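Whatever order the structure lists ligands and atoms in, that order sets their numbers, starting from 1. Computed from a predicted structure; not experimentally measured.
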Amino acid sequence: MERVDKSPDRYKKSASSGLQSLKGVGPKRAMLLSRLGIHTIEDLLYHFPRKYEDRSLVKKISQLQDGETATLFGIVTGVRDIRPGRGMTITKAALFDGAATACAVWFNQPYIKRKVHKGTKIIVTGKAERKYGDLQLSVSDYEVIENEEPVNSAGIVPVYPATEGLPPRTLRLIIKDALEQRLDSIKEFLPSDVLEKYNLMPIDRAISSIHFPGDLDDAQKARRRLVFEELLVLQTGICMLRGTVSRTVGICHKKDGPLTAGFLGRLPYKMTGAQKRVLNEISRDMESKKPMNRLIQGDVGSGKTVVAAAALVKTVESGYQGVMMAPTEILATQHAEGLMEVLGPLGVQVALLTGSLGKKEKEAIIQDIRDGRTDIVVGTHALIQDGVAFQKLGLAVTDEQHRFGVKQRAKLNDKGQRPDVLVMTATPIPRTLALTVYGDLDISVIDELPPGRREIKTYWIADTEKQRIYKFIREQVNQGRQVYYVCPLVEESEKMDISAALELAALLQSDIFPDLQVGLMHGRMKQDAKDMVMKAFQNGSINILTATTVIEVGINVPNATVMVIENADRFGLAQLHQLRGRVGRGAHQSYCILIANPATAEGKARMDIMTRTNDGFLIADEDLKLRGPGEFFGTRQSGLPDLKIADIIRDYKALSAAREEAMALLRRDPCLKLPENVKLREKLMARFRDTDNYFSTS
Ligand code: ADP
Ligand code: MG
């Protein structure tokens with residue numbers, strides 16, 4: 001079918017996409033689709049519905065309950081627009097289903113009037129509400145029935161993620177056309193024994209049924225197949241990646257010598273069993289010729305820093321340089337100072353590189369790194385700027401890795417020739433997921449706290465009881481202790497966080513604790529101002545430190561025993577756990593006070609977990625259950641694979657099976673060169689080509 005089209009780049013576009021060969025797709029819609037990442041017809045077929053609406057169960061208007069979401073079928077008996085205010089339109093259509101009349105309502109979609117007229121037959125879905133004695137339906141989806149034929153005759157209608165400029169029905173019709181034109185070109189690529197073993201639908205049926213199922217059971221079976229397929233591709237990719245990594249040759253570090261012994265001897269404490277075990281795992285990796293790619297997971301306060309420090313010393317002892325990147329200047333400074341103190345007397349040159357250094361100073365440090373005069377450099381993002389180059393980088397450490405994007409970590413690792421790589425996190429990933437999320441890393445867990453730590457007592461209190469909290473703070477301060485007071489997180493902007501912090505600090509200082517010293521710290525402060533506040537808190541001249549979440553990671557002030565968190569229900573559990581980890585670092589009993597009035601049962605459950613356990617892994621598990629992986633990991637850059645249809649929690653069984661099959665497959669055909677695996681290989685390349693979140697780490 002030829003379309004008349006004046007767009008100049010029409011040929012270019014249609015040649016590259018093929019999408020414009022579909023009915024109803026011109027340059028404009030092709031562009032809208034490409035914004036969704038849909039460039040080819042195959043992409044379109046893999047654009048899966050979010051859910052379904054069962055229109056085979058069309059309701060009678062007379063049966064509608066107030067508040068229910070339902071689908072109606074009827075004939076329009078009249079349409080009118082109402083303009084309650086400037087720029088607002090409400091379109092109302094009276095709908096008669098043969099027995100009763102309801103009013104379908106669209107908000108701010110004036111173009112509806114062009115499509116819906118007196119006499120139009122229409123299916124509408126929406127939320128029913130009785131208003132002024134009328135039955136109204138706020139329309140979320142509708143379909144004008146031309147020639148009596150709805151998109152799916154079975155009545156199960158796919159609902160796709162909302163797309164601006166592409167009405168639901170249009171998208172359905174486009175996909176339907178794509179199926180009709182191209183379904184037979186979609187070739188099976190899963191081995192037939194796998195299909196049989198797991199009782200999976202063949203690809204063409206699955207693709208067709210996921211869009212237009214015969215019934216919901218059919219949709220479910222289609223989903224099972226596609227989930228398995230997606231996870232198999234993912235796991236095959238991860239397994240292949242590990243295979244490749246293990247074949248490349250990295251740095252062979254030397255066995256521990258006097259420098260390492262000197263370092264360990266100068267520590268003011270004995271390492272815990274867990275620290276020793278993890279350090280052994282790291283040493284073994286570093287000494288082998290396979291490049292190390294290891295994650296240390298350890299709860300807040302488990303003592304990850306010293307383990308990383310020992311690894312840095314090891315690289316120096318072998319004649320290399322080491323680097324450690326931390327997410328904040330405060331933390332980088334703290335790490336650098338700690339290392340200088342222990343290593344300075346041993347003749348190891350430690351430098352600190354942050355963004356707030358003067359230009360001259362920075363250049364001098366960068367020159368020292370390049371010439372190899374600096375042995376260990378600790379810093380912030382400033383480290384991954386282009387000017388920074390090492391003479392001989394042996395080990396790259398990233399602390400609090402979840403605060404960095406994978407690209408940033410990769411940039412750090414690229415500063416050397418396949419240096420060994422260590423990343424650390426205090427956000428425990430539930431064990432069941434670690435393999436998927438960190439499939440390309442080896443994992444070490446520090447699962448023991450240094451001795452003498454007392455459990456932090458956690459209380460959850462409503463904000464009507466602030467007086468009690470103030471009284472408690474005062475008691476602690478009278479005993480010589482110090483307090484963190486983290487203020488409400490305002491999601492919209494950092495600016496608002498800060499003004500909330502300012503207000504809170506002023507209130508605490510002038511009204512509640514006029515006789516004490518209240519400090520304030522937030523992310524927008526200049527570095528030297530932050531340093532001053534931090535020093536004052538460290539040496540005890542500030543009693544109460546009000547702060548935004550800038551103090552979330554790493555800060556170590558053992559005399560601080562109280563962590564108060566306002567509006568605690570606005571934080572993720574992992575974040576609360578991190579904040580709580582700022583106290584309980586010394587000999588004194590510590591407390592965490594969560595101020596929250598959560599409105600939902602989930603919110604209450606989350607506060608409750610915090611009061612029940614100090615175990616970061618348990619909290620992570622619960623958080624994951626309550627909020628699901630997307631929220632849990634925060635952003636995409638956390639390394640969570642970007643999945644189209646599978647859900648790594650819900651489909652965990654399929655995930656394990658897919659992993660097994662992936663390994664079996666690769667044992668038979670390590671590079672996927674056999675003819676029957678060529679399609680899988682193609683899928684894999686496509687899958688990992690434009691995700692920067694997996695394969696770029698090595
Ligand atoms: P995290 O794992 O949260 O980064 P840190 O490395 O900051 O924890 O360690 C927390 C505190 O515990 C620090 O003050 C550190 O000096 C101390 N520490 C670490 N290991 C031990 C140990 N084996 N015995 C006693 N204290 C330790
Ligand atoms: Mg740390």
Does Lys457 make a cation-pi contact with Tyr591 (under 6.0 Å, within 45 degrees of the axis)?
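The answer is no; the distance or angle limit is not met.
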
So for atom CD, which belongs to Gln417, do other residues, nucleotides or ligands contribute more than 12 heavy atoms lying within a distance under 6.0 Å?
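Result for CD/Gln417: open.
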
In terms of atom number and element, which parts of ligand 1 are under 4.0 angstrom from non-hydrogen atoms of [X]?
X: Asn556; answer: 13 (C), 14 (O)
X: Lys270; answer: 22 (C), 23 (N), 24 (N)
X: Arg585; answer: 3 (O), 7 (O), 10 (C)

Less than 3.5 Å apart, any donor N or O on the side chain of [X] or [Y] sitting next to an acceptor on the other?
X: Thr260; Y: Glu317; answer: yes
X: Asp375; Y: Gln321; answer: no
X: Asn539; Y: Ser541; answer: yes

Of the listed options Thr305, Ile296, Thr425, Asp399, closest to atom 4 (O) of ligand 1 (non-hydrogen atoms):
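It is Thr305 that holds the nearest heavy atom.
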
Heavy-atom contacts under 4.0 Å between Met271 and ligand 1: side chain, backbone, both, or neither?
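The answer is the backbone of Met271.
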
Test of understanding: given a 4.0 Å heavy-atom threshold, classify the contact between Thr272 and ligand 1 as side chain, backbone, both, or neither.
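Both backbone and side chain.
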
Does a side-chain heavy-atom distance below 4.5 Å link Asp371 with Gln367?
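Yes; the side chains approach each other to less than 4.5 Å.
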
What I'd like to find out is whether the side chain of Lys304 reaches to under 4.5 Å of the side chain of Ile446, using heavy atoms alone.
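The answer is yes, as the side chains (C-beta and beyond) meet within the 4.5 Å cut-off.
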
Check whether any N or O atom of Pro450, backbone or side chain, sits under 3.5 Å from an N or O atom of ligand 1, and answer yes or no.
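Looking only at distances, the answer is no, because the N/O contact criterion of under 3.5 Å is not met.
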
Answer yes or no for [X]: is there a heavy-atom contact with ligand 1 below 4.0 Å?
X: Ser302; value: yes
X: Met424; value: no
X: Gly298; value: no

